Structure formats: structure tokens, C-alpha cells
Amino acid sequence: MFRFLLLCNIALLGVWKTAAASELIAEGEEKNVLLMKNGAVVLAHTGQYERKFPVNAMLDGDLRYYWASSPQGPKGKRPQSFVIELQQRYKLYKLAVDNREMDEEQFPGISAREVRFSVSVESAKSGWKPVATLEASQFSRKEEVLVEPVEARWLKVEVLSNYGFRLTEINELEAYGKPAGQAAPFVDPNGVYQTNYGLLKLEVDGDKVTGCYEMDKGYVHGATNGRVFDVEWIEHKGKERGKALLVLSSSGFLNGLWYDDKGVLEGPWFGTKLRQNSIECEPLSAAMGVGFRADTLVNQ
């Protein structure tokens with residue numbers, strides 16, 4: 001009798017936890033909080049094959065682009081890992097790995113297989129709690145609804161295995177959740193950043209951002225919420241331009257992707273905010289240098 005009651009209680013507990021996750025899903029439209037446009041930013045990773053296959057491609061929501069791992073070292077395969085900061089603390093109820101549009105046909109076995117998700121509300125370096133290991137599928141998307149929702153501000157994603165090829169690829173990583181508590185204020189985005197393309201200066205006014213960068217006397221302008229920057233870049237006296245989506249972490253690390261004028265991914269654009277504000281450009285002069293007129297700049 002005791003064993004029967006124990007089994008009943010365990011079953012009821014499982015039903016209650018599943019119902020808790022289902023209730024969160026039913027509260028409103030699902031939101032993938034691992035998208036860059038929703039404030040997710042990669043803080044660290046073990047490597048990527050080259051700039052056309054960046055880690056950030058797993059957070060862009062575009063199946064045309066994907067991450068490929070860096071070549072394995074002399075010790076053989078190692079777990080690939082990524083640390084991602086969310087815009088705020090969320091209560092997560094569903095995770096997913098998408099392997100639909102990659103090089104699986106050309107390189108059989110390149111798809112990620114075992115992918116472990118851990119969460120932390122403490123910091124990006126400690127307090128990790130494993131919550132799920134998904135068996136990702138070749139040519140498809142695999143999702144898992146958590147038995148019990150978990151709170152997270154940071155996610156660590158580890159690729160433990162693939163289907164046999166020497167490199168590994170993933171299209172998209174996804175996490176769905178609802179805000180948990182009040183959002184923390186964003187760091188001040190104004191200032192100078194040391195990036196992989198030299199110094200970049202950003203100036204924010206409300207929901208608008210302008211800036212300049214020393215390389216090729218470039219100019220940027222666009223929209224922001226203070227964390228996510230959706231901008232156009234222009235250089236070479238206006239002859240070259242494109243788009244960029246950048247996200248600023250709570251520690252002042254800026255990370256994202258840039259695209260050419262046809263919307264083709266060119267690679268990552270990342271950097272760290274400096275204490276100095278010295279840079280050989282100003283947004284206004286940079287704008288005029290790429291072809292903007294003074295009267296049009298007022299209404300940007």
C-alpha cells in the first residue's frame with residue numbers, strides 16, 4: 001500500500017510540474033529569449049570555424065546562417081560550449097536545438113547531437129545548474145518542454161557530441177520564457193568600444209543611436225532600446241553600406257553580426273567598452289563625410 005501511495009504521489013507531482021510549464025506557455029505569445037533582437041548576447045565560447053560561421057548565427061533567427069565549430073586540437077574532440085547572457089532574468093519553460101539547414105548532406109554527421117543546457121542566476125562564471133540535455137536530430141528541430149520551469153539570467157550551452165563528423169554545426173538555439181521580476185537597468189551605452197574592427201563610438205539619444213568608427217571613416221545610425229542596437233553602417237564616402245545587429249551586455253561587452261548591403265552575413269562585430277572617450281572621429285562629421293546633409297541629420 002505504501003509503495004502504491006508513493007507512486008501515486010510521484011505521478012501527481014509530475015502532472016503538477018507539467019501543468020506549471022503548460023500554464024506559462026498559455027500566458028501569452030511565446031518569446032524566444034535567446035534571439036539577439038530580444039537582448040541575448042554571447043559572452044564567451046570555445047571557438048568557431050571562421051567569421052562566416054559565427055557563434056552569434058545561432059541567435060539570429062535566420063536559418064540561412066549557422067555556427068560551425070573550430071577544428072579539433074591534437075587531443076581530439078572536446079565539448080564545445082557557449083555562455084550567453086539574457087536581457088533579464090526569465091523563467092524558462094522550453095528549450096530547442098535546430099539542425100534543419102546546414103551542411104549535413106555534404107558532410108554526414110556534422111549535426112550536433114547531445115546538447116546540455118545549464119542555467120545560472122548568480123553570474124556568468126558560477127552558480128551553474130544543469131536543467132536538460134537534448135538529443136538533437138539531423139535535418140530537423142528538436143524541442144523539450146521542461147518538467148518544471150527554471151529561472152535563468154545566464155545560460156551555458158555545451159555540445160557534448162555530434163553524429164560522427166570531425167566538425168559540428170548548429171542552426172539555432174532557442175529558449176522560451178517569461179520575465180521573472182523586475183528588469184535590471186541597462187549599462188550606459190554611450191562611449192568608445194575597442195572592437196575587432198578598431199575603435200567605435202556610440203551616442204544614444206532616447207531610442208536613437210548614432211556613432212562612428214575609425215576604420216574607413218565609417219558612420220553608424222539606427223534604433224536602440226539601450227541594449228540592442230539595430231543600425232546601418234556606411235563608409236568609403238557612402239559607397240559601401242550595410243546593416244548590423246549588436247547587443248550590449250551588463251558588463252559592457254558589445255557583440256553581434258554585420259551584413260552587406262544585400263543582407264548577406266559578413267561576420268561578427270564585437271568589442272569591450274573603454275573608460276576613455278578619445279577617438280579620431282565624431283558622429284556628425286562622419287555622417288557628413290559619407291554623404292548626409294546637415295538638414296537630414298536633424299531628423300534621423
Side-chain angles (χ1 to χ4, degrees), residues 32-36 40-86 92 94-120 123-144 150 152-175 196 247 249 251 253 255-257 265 267-270:
N32 179 7
V33 299
L34 270 184
L35 287 175
M36 288 190 297
V41 56
V42 176
L43 301 181
H45 60 87
T46 51
Q48 57 199 26
Y49 189 73
E50 57 183 42
R51 68 185 181 91
K52 291 295 184 76
F53 305 96
V55 173
N56 293 332
M58 294 187 292
L59 312 183
D60 68 349
D62 189 338
L63 292 179
R64 292 179 299 168
Y65 305 117
Y66 45 89
W67 163 79
S69 66
S70 57
Q72 305 294 340
K75 295 184 179 180
K77 292 186 177 181
R78 64 175 179 180
Q80 302 287 334
S81 65
F82 326 101
V83 176
I84 305 166
E85 181 183 88
L86 305 179
L92 304 180
K94 185 169 70 175
L95 304 168
V97 178
D98 198 329
N99 284 337
R100 280 180 289 176
E101 298 289 341
M102 305 180 313
D103 295 319
E104 184 65 41
E105 288 188 1
Q106 186 177 0
F107 305 111
I110 202 168
S111 298
R113 188 169 187 171
E114 292 177 288
V115 181
R116 180 167 63 203
F117 289 81
S118 301
V119 300
S120 174
S123 79
K125 296 182 179 180
S126 60
W128 295 112
K129 173 186 174 183
V131 294
T133 300
L134 274 67
E135 181 87 9
S137 303
Q138 295 164 290
F139 303 109
S140 64
R141 176 182 175 276
K142 178 67 175 293
E143 68 175 42
E144 180 174 326
V150 295
R153 177 72 194 278
W154 294 273
L155 266 73
K156 179 164 63 174
V157 183
E158 299 167 281
V159 182
L160 305 179
S161 68
N162 66 6
Y163 284 87
F165 194 70
R166 62 186 179 87
L167 301 177
T168 303
E169 293 179 349
I170 293 177
N171 257 131
E172 293 288 320
L173 295 172
E174 303 171 25
N196 55 323
V247 186
S249 78
S251 62
F253 179 60
N255 198 359
L257 297 170
L265 174 64
W269 194 357
F270 59 89

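Nothing here was measured: the structure is a model prediction, and the numbers come from that model. Any value given below was found using the heavy atoms of this structure, including those in side chains, with hydrogens, waters and symmetry copies removed.
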*Asks:* List in chain and number order the residues that pass side-chain contact (heavy atoms from CB on, under 4.5 Å) with Glu101, two or more places apart in sequence or in another chain; answer none if no residue qualifies.
*Replies:*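 Result, side-chain contact (heavy atoms from CB on, under 4.5 Å) vs Glu101: Leu63, Asn171.
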*Asks:* With sequence neighbours excluded, tell me which residues meet ring-ring contact (aromatic ring centres under 6.0 Å, His included) with Tyr66.
*Replies:*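 Applying ring-ring contact (aromatic ring centres under 6.0 Å, His included) to Tyr66 gives Phe53.
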*Asks:* Out of curiosity, Asn56 CG to Asn255 CG, how far, rounded to the nearest 0.5 Å?
*Replies:*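 Reported value, rounded in 0.5 Å steps: 4.0 Å.
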*Asks:* With rounding to the nearest 0.5 Å, note down the distance linking CG in Asp98 to CE in Met58.
*Replies:*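 So the CG of Asp98 and the CE of Met58 are separated by 12.0 Å.
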*Asks:* Any pair with a residue in residues 45-54 that passes side-chain hydrogen bond (donor to acceptor under 3.5 Å, both in side chains), sequence neighbours left out, goes on the list, sorted by first then second residue, please.
*Replies:*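 Those involving residues 45-54 are Thr46-Gln80.
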*Asks:* For Asp60, give me all partners under salt bridge (Lys or Arg N to Asp or Glu O under 4.0 Å), at least two apart in sequence or on another chain.
*Replies:*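 Expected list: none.
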*Asks:* For the atom pair CD1 (Ile110) and OG1 (Thr168), what is the distance rounded to the nearest 0.5 Å?
*Replies:*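 That separation rounds to 7.0 Å.
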*Asks:* Tell me, please, which residues at least two apart from Glu169 pass salt bridge (Lys or Arg N to Asp or Glu O under 4.0 Å).
*Replies:*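 Expected list: none.
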*Asks:* For Ser123, check side chain to side chain donor-acceptor pair (under 3.5 Å) against everything at least two apart and list the hits.
*Replies:*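 If we apply the side chain to side chain donor-acceptor pair (under 3.5 Å) test to Ser123, skipping adjacent residues, the hits are Ser126.
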*Asks:* Checking Ser120 now: which residues fulfil side chain to side chain donor-acceptor pair (under 3.5 Å) with it, not counting sequence neighbours?
*Replies:*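 None.
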*Asks:* The criterion is side-chain contact (heavy atoms from CB on, under 4.5 Å); which residues satisfy it with Ala96, sequence neighbours excluded?
*Replies:*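 With neighbours one apart ignored, the set is Arg141, Glu143, Glu174.
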*Asks:* Hey, mind stepping through Val247 and Leu59 against side chain to side chain contact (heavy atoms under 4.5 Å, CB included) and telling me if it holds?
*Replies:* CA-CA 11 Å; Val247 186; Leu59 312 183; over 6 Å; no
*Asks:* If you round to the nearest 0.5 Å, how far is CG of Leu173 from CZ of Phe82?
*Replies:*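 Between Phe82 CZ and Leu173 CG, I get 6.5 Å after rounding to 0.5 Å.
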*Asks:* Looking at residues at least two apart in the chain, or sitting in another chain, which of them share a side chain to side chain donor-acceptor pair (under 3.5 Å) with Asn196?
*Replies:*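 In terms of side chain to side chain donor-acceptor pair (under 3.5 Å), with neighbours along the sequence ignored, Asn196 is linked to no residue.
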*Asks:* Could you tell me which residues satisfy salt bridge (Lys or Arg N to Asp or Glu O under 4.0 Å) with Asp103, sequence neighbours excluded, listed by chain and number?
*Replies:*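 For Asp103, no residue satisfies salt bridge (Lys or Arg N to Asp or Glu O under 4.0 Å) once neighbours in sequence are set aside.
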*Asks:* My understanding is that only residues two or more places apart in sequence, or in another chain, count here; which of them pass side-chain contact (heavy atoms from CB on, under 4.5 Å) with Glu135?
*Replies:*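 Counting only residues at least two positions away or on another chain, Glu135 forms a side-chain contact (heavy atoms from CB on, under 4.5 Å) with Arg113, Glu114, Lys142, Tyr163.
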*Asks:* Should Leu86 and Leu34 count as side-chain neighbours, where that means a heavy-atom distance under 4.5 Å?
*Replies:*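 A side-chain contact exists here, since the closest heavy-atom pair is under 4.5 Å.
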*Asks:* State the OG-CZ distance between Ser111 and Arg100, to the nearest 0.5 angstrom.
*Replies:*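 Between Ser111 OG and Arg100 CZ, I get 12.5 Å after rounding to 0.5 Å.
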*Asks:* To the closest 0.5 Å, what do you measure between CG (Leu155) and CG (Leu92)?
*Replies:*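 Reported value, rounded in 0.5 Å steps: 6.0 Å.
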*Asks:* Evaluate the side-chain proximity of Ser69 to Val159: yes if any heavy-atom separation is below 4.5 Å, no if none is.
*Replies:*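 The answer is no; the side chains never approach within 4.5 Å.
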*Asks:* Quick one: list whatever passes ring-ring contact (aromatic ring centres under 6.0 Å, His included) with Phe270, sequence neighbours left out.
*Replies:*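 Per chain and number, Phe270 pairs via ring-ring contact (aromatic ring centres under 6.0 Å, His included) with no residue.
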